[in-house]
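Note that ligands are numbered from 1 as they come in the structure, with each ligand's atoms numbered from 1 the same way. This chain uses plain numbering: 1 for the first residue, then up along the sequence.
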Amino acid sequence: MASMTTRSDNPASSRFPVGRQAFPHRDLTGIGRLQRHEILFLLAEAQQWVEFNRQSAKHGDLLTGLTVINAFFENSTRTLLSFEIAGKRLGADVVNMHAAQSSVKKGETLIDTAITLNAMRADAIVIRHGSSGATQLIADQVDCPVLNAGDGQHEHPTQALLDALALREALVARGQSADDFTGLTITICGDILHSRVARSNLLCLQALGATVRLCAPPALMPTGIEAMGAEVHHDFDAALKGADVVMMLRLQTERMSGQFIPSPREYHHLYGLTKRRLGYASGDALVMHPGPMNRGVEIDSDVADMIDRSIITRQVEMGVAIRMACLEVLTRARRGVKGWS
Ligand code: NCD
């Protein structure tokens, strides 16, 4: 059973700087702000919560007395639910604010909302917002840690961290050493232009040593993305050649103004992951998807549900552990954990 002490006694932490130096940030706004060792530190912390979550009794008390506000200005199923479960499993009081029921609909500015949340003395605020940079704007206005649960097309850091954790677990289960992802080729295919998941994953996977290929129709590929070190592809078959991991992304139609693809049917024909197409990747390539999936558009059901290749439900499982680690680490200073104030 995972002990309920602070996690700074984690043996894996011996590879990291000690105390606050291991993670010197107040907020988690993006992977772009993190050093490689800080990413590895969060993954090591999360590993213990994976084991904790697999027990039948999974209620901890590290965050007892603390209030976590999940302020979601955009729809969400798994991210909101897993942040809520994460906070509750750590013993925090968790409150969810949905934009549809909030004063945002009455015209309140984001800064006024931030000031209001701050006045309620939250101990951590988790934000999902449709505008890139919204999380930082709120972080600049409040006194507590702020965690980005997805801001516009910018970043979705906990998604990239949970993806890395799920991938690492799958590699370890196959007997591969997976301290980092050096030597691994990962193809990310879909609506790269509108995807904060693609951006955060590109940064995270590269920081961990992987080669990242991005694949999309030209209209759905951000211009100049090569400058971030990715290989850019428009031909999916070529992008798949020899890939160790294939990560599929949804068409983010809610962010599209105008016509970006001829039709979902044609899109599937060129960019849908079918069993036949998966054959171009390496023989045992893993399949990932952050959800929500549009089966029959970017991914076929017989690929999404492949028992030995798809780690899509593992990604969801790892989401809770990652969010527990992030909430626990980011509140250490407030909880007066030795070496963290
Ligand atoms: C992603 C998101 O919201 O950015 N979903 C998620 O958090 N699991 C991807 C998406 O909506 O397509």
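- In this structure, atom 9 (C) of ligand 1 lies nearest to the protein heavy atom G291 O, 3.5 Å.
- Using a cut-off of 4.0 Å between Lys/Arg side-chain N and Asp/Glu carboxylate O, R36 and D180 are scored as salt-bridged.
- Residue P292 has no nitrogen or oxygen atom sitting less than 3.5 Å from a nitrogen or oxygen atom of ligand 1, judged on distance alone.
- If you check which protein heavy atom lies closest to atom 11 (O) of ligand 1, you get R250 NH2, 2.8 Å.
- Looking at T79, N96, N70 one by one, the single match for side chain to side chain donor-acceptor pair (under 3.5 Å) with E84 turns out to be N96.
- Across all their heavy atoms, G272 and F236 have their closest contact at O-CE2, 3.8 Å.
- For A149, no heavy-atom contact with ligand 1 is shorter than 4.0 Å.
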Worked verdict on T158 versus L28 for side chain to side chain contact (heavy atoms under 4.5 Å, CB included)
CA-CA 9 Å; T158 56; L28 179 65; 3.8 Å; yes

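- Closest protein heavy atom to atom 10 (C) of ligand 1: Q252 NE2, 3.1 Å.
- Geometrically, R323 engages F83 in a cation-pi contact defined by less than 6.0 Å to the ring centre and at most 45° from the axis.
- Here is the list of ligand 1 atoms found below 4.0 Å of a heavy atom in V197: 1 (C), 4 (O), 9 (C).
- Close contacts between ligand 1 and R78 involve ligand atoms 8 (N) [criterion: under 4.0 Å to a heavy atom].
- Residue contact check: R196 has heavy atoms under 4.0 Å from atoms 2 (C), 3 (O), 4 (O) of ligand 1.
- At a heavy-atom distance under 4.0 Å, no atom of E74 approaches ligand 1.
- The nearest heavy-atom contact from the protein to atom 8 (N) of ligand 1 is P290 O, 3.0 Å.
- The N/O atoms of T79, backbone and side chain alike, include one that comes under 3.5 Å of an N/O atom in ligand 1.
- Counting the atoms of ligand 1 from 1 in the order shown, those under 4.0 Å from a heavy atom of Q159 are 6 (C), 7 (O), 8 (N).
- Here ring pair (Phe, Tyr, Trp, His ring centres under 6.0 Å) pairs that include residues 181-202, with residues two or more places apart or in two chains, are H194-F260.
- The nearest heavy-atom contact from the protein to atom 7 (O) of ligand 1 is H156 NE2, 2.7 Å.
- Remark: the backbone N or O of A198 is not paired with any side-chain donor or acceptor of H156 at under 3.5 angstrom.
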